Undergrad: 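Have a look at this one.
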Amino acid sequence: MHDNIKDTLSTTPLKVGVDLGGTKIEIIVLSPQGDTLLRQRIPTPAKQNFNSAQDQYRTIIETIKNLVSDSENQLQTQLLNHKFQYIGIGIPGAISPATGLVKNANTTCLIGQPFQQDLENALNCSVKIANDADCFILSEAKDGAAEGAYSVFGVIIGTGCGGGLVINQQLISGPNAICGEWGHNPLPWPQAGETLMPCYCGKQGCIETFLSGPGLTRHANTNWNTNRTPEQWHQALLKGEPLAIKVFETYARQLAKSLASVINIIDPEVIVLGGGMSNIDYLYQRVPEILPEYVFSDQVLTRLVKAEHGDSSGVRGAAFL
Ligand SMILES: [Zn+2]
């Protein structure tokens with residue numbers, strides 16, 4: 001190997017990010033210059049396949065370990081000692097500053113676990129964990145859909161409903177590690193037909209129970225006696241089915257109401273949408289049309305944009321940790 005390449009490797013390790021999502025686990029490896037060297041994803045071990053939360057938790061650790069060592073094998077000529085030195089991990093939850101254990105995770109088998117410690121033991125390298133929505137918003141504010149904006153609120157609406165806030169390129173984090181967790185506020189300005197359903201957090205009627213993918217289907221399938229996935233509802237919308245238009249009109253209004261209450265507090269320049277539900281183009285037309293009914297202002301100049309790095313934002317942000 002040429003000497004100055006060796007020097008670069010020894011001083012600037014590759015950036016490695018892992019995104020642990022509700023449905024998939026993804027890894028990305030970036031060069032020191034930010035080029036993507038490797039990217040792969042596998043399904044997240046699902047709750048219904050295990051007898052206990054502990055079994056699911058152990059399998060998730062094992063799955064991440066295999067994904068990391070497989071990636072190390074593929075890139076071993078570019079690695080010192082054939083190992084990654086640091087790994088950033090985005091999780092659907094947060095590490096409690098008080099206990100060091102996972103809290104607020106909608107992959108509930110993580111709750112109460114010493115996830116960082118367990119991963120460092122399994123992976124034999126330094127691990128930095130952050131909330132997946134925070135990783136996502138960091139990536140989008142840095143060089144994505146909100147690049148150049150002073151204040152950015154990012155939301156992930158997928159399996160769950162998370163959020164994060166970046167001001168002046170800095171991720172805002174508070175003493176409770178919950179900044180941006182709008183998904184567990186109640187749905188504002190309630191309307192007829194908005195049934196309050198229980199949330200995994202112990203309350204009911206949280207925004208997440210309406211706006212997450214499972215939330216949408218739970219309400220739509222109950223109200224209309226159907227049995228469709230979010231994707232099937234979306235396909236029906238694209239075909240112009242009147243029932244699907246009705247379902248997404250309700251959904252767009254619920255999203256607009258929920259974002260209006262955020263705008264009334266933070267007044268961000270840009271709101272970035274990520275997660276599976278952010279692929280529904282209908283929302284970028286209807287939500288800005290509905291927002292002025294709820295925001296306390298004569299006009300609403302906040303831009304609503306789709307994540308530029310798609311569902312890779314979370315894993316890219318994790319690599320920047
Ligand atoms: Zn909740």
Side-chain angles (χ1 to χ4, degrees), residues 19-23 44 46-48 53 56-57 60 90-99 101-113 115 129-137 153-165 172-191 193-223 230 247 250-266 271 273-278 283 287 294 314:
D19 182 36
L20 169 57
T23 56
T44 303
K47 188 177 181 174
Q48 61 268 26
Q56 187 194 4
Y57 176 69
I60 285 176
I91 63 165
I95 303 291
S96 162
T99 62
L101 306 177
V102 175
K103 66 170 184 175
N104 298 352
N106 68 358
T107 299
T108 49
C109 72
L110 299 175
I111 294 173
Q113 298 285 0
F115 193 45
I129 293 182
N131 177 260
D132 54 2
D134 283 348
C135 293
F136 152 81
I137 186 65
F153 187 71
V155 307
I156 296 189
I157 37 178
T159 321
C161 189
L165 178 63
I172 304 301
S173 94
N176 305 300
I178 52 160
C179 182
E181 289 291 1
W182 69 314
H184 298 278
N185 285 346
L187 185 74
W189 298 288
Q191 286 169 297
E194 287 176 336
T195 316
L196 306 188
M197 294 197 180
C199 182
Y200 77 89
C201 74
K203 301 195 175 57
Q204 55 174 12
C206 291
I207 286 170
E208 175 165 312
T209 66
F210 291 92
L211 296 185
S212 64
L216 167 87
T217 50
R218 200 150 54 133
H219 282 92
N221 290 337
T222 305
N223 289 343
V247 163
T250 302
Y251 183 88
R253 182 163 295 275
Q254 289 165 343
L255 178 56
K257 290 194 291 187
S258 304
L259 292 178
S261 65
V262 171
I263 296 172
N264 282 346
I265 295 171
I266 298 167
I271 294 175
L273 298 188
M277 304 301 285
S278 72
L283 300 177
V287 172
Y294 297 99

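Read the numbers this way: they start at 1 and go in the same order the structure lists the ligands and their atoms. If you're wondering where the values come from, they're calculated on a predicted model, not measured in any experiment.
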Undergrad: In a table with atom names and distances, give each donor-acceptor pair under 3.5 Å that connects a side chain of residues 178-188 to protein atoms at least two apart or in another chain.
TA:
{"residue": "Trp182", "atom": "NE1", "partner": "Gly162", "partner atom": "O", "Å": "3.0"}
{"residue": "His184", "atom": "NE2", "partner": "Glu208", "partner atom": "OE1", "Å": "3.3"}

Undergrad: For the Zn ion (ligand 1), which protein N/O/S atoms fall under 2.8 Å? Skip waters.
TA: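 Correct list: His184 ND1, Cys199 SG, Cys201 SG, Cys206 SG.
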Undergrad: Ignoring hydrogens and geometry, is there a side-chain-to-backbone donor-acceptor pair from Ser212 to Cys161 under 3.5 Å?
TA: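 No: the side chain of Ser212 does not pair with the backbone of Cys161.
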Undergrad: If you take all heavy atoms of Gly93 and Asn131, which pair is closest and at what distance?
TA: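 Residues Gly93 and Asn131, closest heavy atoms: O-ND2, 2.8 Å.
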Undergrad: Applying salt bridge (charged side-chain N to carboxylate O under 4.0 Å, His left out), name anything that partners Lys257, two or more places apart in sequence or on another chain.
TA: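 Listed in chain order: Glu194.
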Undergrad: Asn221: which residues meet the side-chain hydrogen bond (donor to acceptor under 3.5 Å, both in side chains) condition with it, sequence neighbours left out?
TA: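 Here the qualifying residues are Thr226, Trp233.
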Undergrad: What's the shortest heavy-atom distance between Leu110 and Pro92, and which atoms?
TA: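 It is CD1-CD, 4.1 Å.
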